[in-house]
Amino acid sequence: DRKQMFYDDEDFEQFISILHRYSEECGFVLHAYCLLGNHFHILIELETALNTIMKKLINSYVYYYNNRYLNKEPLLRDRYKSEIISGRGEYLSVVRHIYNSPERAGLCTALEYKWSSAGKVGFAAYDGEEALKIARTAFPDIILLDVMMPKIDGYKALDAKKMKVK
């Protein structure tokens with residue numbers, strides 16, 4: 001029995017806001033997320049210790065939740081579960097699992113679900129080297145490159161990405 005975490009749009013929006021704030025503050029890349037009424041799934045790439053990120057994320061949301069609902073009971077009963085992902089096949093399997101959560105829960109299809117990153121996650125790079133790193137780790141469906149990016153221009157970044165794929 002999981003306790004309800006999200007009751008309305010404000011709750012979902014608050015959690016997503018916290019998730020993006022700590023993504024910037026802690027320096028992790030958010031690859032996918034799905035928020036359901038009583039739990040959430042996130043797929044992140046990190047360099048900071050996971051327990052530090054999860055502590056900040058959960059404590060911030062619990063603080064908001066407890067103040068909004070005058071809650072005195074524990075919101076989350078169990079410790080979060082985590083897995084290390086190795087390889088593209090496993091990565092894609094986890095993304096599919098996260099995105100298909102609303103459908104498995106009988107809510108709607110992945111793309112119809114409002115509180116998932118399905119079809120919404122994007123990445124920004126400030127130079128060609130950073131763009132290549134993102135392209136090699138996030139496996140985007142589409143890549144938009146500026147031909148005048150610093151360090152490596154868009155043409156060279158595209159050529160390097162094509163060589164890596166072959």
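Proximity of H97 to L43: side-chain heavy atoms (C-beta onward) are nowhere separated by under 4.5 Å. Contact check for I85 versus H31: no side-chain heavy atoms found under the 4.5 Å cut-off. At least one side-chain heavy atom of F28 sits less than 4.5 Å from a side-chain heavy atom of Y22.
Under the salt bridge (Lys or Arg N to Asp or Glu O under 4.0 Å) criterion, K55 pairs with no residue at all, not counting sequence neighbours. Applying the salt bridge (Lys or Arg N to Asp or Glu O under 4.0 Å) rule to D153 yields no partners; only residues at least two apart in sequence or on another chain are considered. Evaluation of the ring-ring contact (aromatic ring centres under 6.0 Å, His included) rule for Y61 yields F6, F15, Y64 as partners, not counting sequence neighbours. With sequence neighbours excluded, the residues forming a side-chain contact (heavy atoms from CB on, under 4.5 Å) with T109 are E103, E112, listed by chain and number. Under the ring-ring contact (aromatic ring centres under 6.0 Å, His included) criterion, H20 pairs with no residue, sequence neighbours left out. For L76, the side-chain contact (heavy atoms from CB on, under 4.5 Å) criterion is met by M5, I58, not counting sequence neighbours. For H39, the ring-ring contact (aromatic ring centres under 6.0 Å, His included) partners are H41, not counting sequence neighbours. Residues satisfying the salt bridge (Lys or Arg N to Asp or Glu O under 4.0 Å) test with E10, not counting sequence neighbours, are R68. Taking Y7 as the reference, Y69 meet the ring-ring contact (aromatic ring centres under 6.0 Å, His included) condition, with sequence neighbours excluded. Remark: S23 engages no residue in a side chain to side chain donor-acceptor pair (under 3.5 Å) (not counting sequence neighbours). Contacts of S82 classified as side-chain contact (heavy atoms from CB on, under 4.5 Å), with partners at least two apart in sequence or in another chain: L50, Y80.
Closest heavy-atom contact between A110 and A118: O-CB, 3.9 Å.
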* Would K3 and N71 satisfy side-chain contact (heavy atoms from CB on, under 4.5 Å), going step by step from the backbone distance to the final call? -> CA-CA 12 Å; K3 187 170 183 167; N71 181 54; 2.8 Å; yes
* Please report the C-alpha distance between I42 and M54 in whole Å, then the side-chain angles of each, then the deciding distance to 0.1 Å, and finally whether the side-chain contact (heavy atoms from CB on, under 4.5 Å) criterion is met. => CA-CA 11 Å; I42 59 173; M54 293 306 292; 4.1 Å; yes
* To do: I would like to know whether S101 and R104 meet side-chain hydrogen bond (donor to acceptor under 3.5 Å, both in side chains); could you show each step before the answer?
  => CA-CA 5 Å; S101 294; R104 281 193 315 277; 3.0 Å; yes
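Side chain of D11 to backbone of Q14: no donor-acceptor contact under 3.5 angstrom is found. The backbone N or O of Y99 sits nowhere less than 3.5 Å from a side-chain atom of S116 that would complete a donor-acceptor pair.
The line from CD of Q4 to CG of L75 is 10.0 Å long, rounded to the nearest 0.5 Å. Expressed to the nearest 0.5 Å, how far CG of L36 lies from CH2 of W115 amounts to 12.5 Å. We find the CG-CD1 distance between L35 and I98 to be 10.5 Å, quoted to the nearest 0.5 Å. Here the straight-line distance linking atom OH of Y65 with atom CG of L70 works out to 11.0 Å at 0.5 Å rounding.
Y63 and I16 fall into different hydrophobic clusters, where Ile, Leu, Val, Met, Phe, Trp and Tyr are joined by side-chain heavy atoms under 4.5 Å apart, directly or via other members.
Applying the salt bridge (Lys or Arg N to Asp or Glu O under 4.0 Å) rule to pairs touching residues 15-41 yields E25-K56, sequence neighbours excluded.
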